[in-house]
Amino acid sequence: MSFKINDKVTWAGKIDWELRRFHGEEYSTHKGSSYNSYLIRDKKTILIDTVWKPFAKEFVDNLKKEIDLKEIDYIIANHSEPDHSGALPELLKEIPNVPIYCTKSGAKLLKGHYHEDWNFVEVKTGDALEIGENKLIFVEARMLHWPDSMFTYLTGENILFSNDAFGQHYASELMYNDYVDNAELYQEVIKYYANILTPFSTLVEKKIDEVLSLNLPVNMICPSHGIIWRDNPLQIVNKYLEYARNYQENQVTIIYDSMWNATRRMAEMIAEGIKSANSDIAIKIFNSSKSDKNDIITEVFKSKAILVGSSTINKGILSSTAGILEMIKGLSFKNKKAAAFGSYGWGGESVKIITEELNKAGLEVVNEGIRELWYPGDEEAQRCKTFGENFAKTL
Ligand code: FEO
């Protein structure tokens, strides 16, 4: 399938409706995804990015229906990650000498993935490529989200090809932001930001300020995943600025795992306490062993505070708690309060361990947590409720 965006630009990617896991098993894609590749026809013919390897042959076959591959003058590799570069080996078997424009890091990374000595042309921010009536301008976007990432801007048509930035894992044949269900769309936008871009928020803000200061007109933003932003395209840029500036909603997320429901009971009583102290706050409770970890992270991203609980097991914490804490640590959330809780039978190390991990993650731990022996009875449940009330007062 290909799809004409306008007289000069054609979408030539792949919609992957079936995809349910991305980055190995690390990222859930409940609504599939797409790998967006774009063909630009001016006096020169340019291909921006390709697709993931399993679709390489289909991609090249489709491209051949659109053009004679020998007509491709330049390939732009905005990002070397295999979901966008995976079809390069298949394509370059047919046109081995075509120059590949990418950042210096992009050339290094592509060599690292494919061990091919392709015709790389390294570009920097501000470099321009004349393609006929219009030109392409490159903007390095280091660490958004890999060292090699860059944006490419097409003058005349005023299109920003932003690669992963502003993308979503969201399969849709509707292609444009004004055609799709915006609640669905923004759910995938925030999940993508929360799970992938959170650690780079300072750079996101700087890069957006830099691009906006160029005062380039933007008619469309064409990311490498999901739909194209054509209706008020700057809405997604402004949304990213909001996300990058320590975004939070009036929400507390409680994450727990529990062997015999004692820690679960604690979670629910803490939630009651928070609610009784502050009825406006949204409280969401997740069992980390039964919930999608990326959906939990999205809720953490939205929260002003989190509570993490686990039973004690083998002098430690349950594996799903350890897993979600590792993700929280890696994502470097800022400006969030936190505390730990957990039940135990003997030993009772879990609360201390969780507290240490929350500290290491850079969260503002507001107290030493609460632990209860065995299953909470009325007195213990009341203690958890009071703990919740006091926690709410710190927000
Ligand atoms: Fe969609 Fe970083 O690759």
Side-chain angles (χ1 to χ4, degrees), residues 11-38 47-56 58-59 75-91 100-114 138-152 160-172 175 185 188-201 203-204 207-208 221-229 236 240 243-244 294 297-298 327 330-332:
W11 178 91
K14 169 70 187 177
I15 298 178
D16 191 349
W17 286 94
E18 193 183 284
L19 190 78
R20 288 296 176 269
R21 286 280 182 268
F22 186 80
H23 280 159
E25 292 293 314
E26 271 307 291
Y27 188 112
S28 60
T29 47
H30 306 315
K31 296 202 182 306
S33 192
S34 66
Y35 319 104
N36 298 339
S37 168
Y38 301 95
L47 183 73
I48 299 189
D49 294 322
T50 68
V51 302
W52 188 30
K53 188 179 173 185
F55 306 105
E58 179 183 335
F59 169 74
I75 294 169
I76 313 294
N78 274 333
H79 178 32
S80 70
E81 198 164 1
D83 49 328
H84 309 297
S85 65
L88 283 176
E90 185 80 17
L91 180 63
I100 301 175
Y101 285 71
C102 58
T103 61
K104 184 174 184 179
S105 168
K108 207 161 116 189
L109 271 60
L110 285 167
K111 281 179 202 164
H113 296 323
Y114 303 109
F138 304 108
V139 180
E140 290 170 89
R142 195 177 143 66
M143 295 318 297
L144 297 179
H145 66 124
W146 272 20
D148 65 311
S149 302
M150 74 169 184
F151 304 156
T152 298
L160 182 69
F161 297 94
S162 59
N163 198 266
D164 284 336
F166 315 126
Q168 337 86 43
H169 288 305
Y170 183 35
S172 173
M175 305 305 283
L185 169 63
E188 296 308 322
V189 166
I190 195 168
K191 179 177 177 181
Y192 194 94
Y193 192 99
N195 282 274
I196 295 179
L197 290 164
T198 300
F200 312 115
S201 285
L203 295 172
V204 169
K207 185 52 57 180
I208 288 177
I221 295 178
C222 291
S224 58
H225 297 289
I227 58 79
I228 292 164
W229 302 91
I236 187 60
Y240 262 43
Y243 290 162
N294 306 107
I297 290 295
T298 309
M327 290 176 79
L331 289 165
S332 303

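FYI, the numbering just counts along the sequence from 1. Note: hydrogens, waters and symmetry copies are ignored here, and every other heavy atom, side chains too, is used. We count ligands from 1, going down the list as the structure has it; atoms in each ligand are counted the same way.
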Of all N, O or S atoms in D83, which has the smallest distance to atom 1 (Fe) of ligand 1?
OD2
Look at K31 together with E188 and state whether they make a salt bridge at an N to O cut-off of under 4.0 Å.
no
Would one find an N, O or S atom of H225, in either backbone or side chain, under 2.8 Å from atom 1 (Fe) of ligand 1?
yes
Taking the side chain from K191 and the backbone from S28, do they hold a donor-acceptor pair closer than 3.5 Å?
yes
Please work out the angle at atom 1 (Fe) of ligand 1 defined by atom NE2 of H84 on one side and atom OD1 of D164 on the other, rounded to 10°.
80°
With distance as the sole test, does S85 use its side chain to make a donor-acceptor pair with the main-chain N or O of S80 at under 3.5 Å?
yes
Which angle, to the nearest 10 degrees, do you find at atom 2 (Fe) of ligand 1 between NE2 in H145 and OE1 in E81?
90°
Against H225, only a single residue in F22, F166, Y27 fulfils ring-ring contact (aromatic ring centres under 6.0 Å, His included); can you say which?
F22
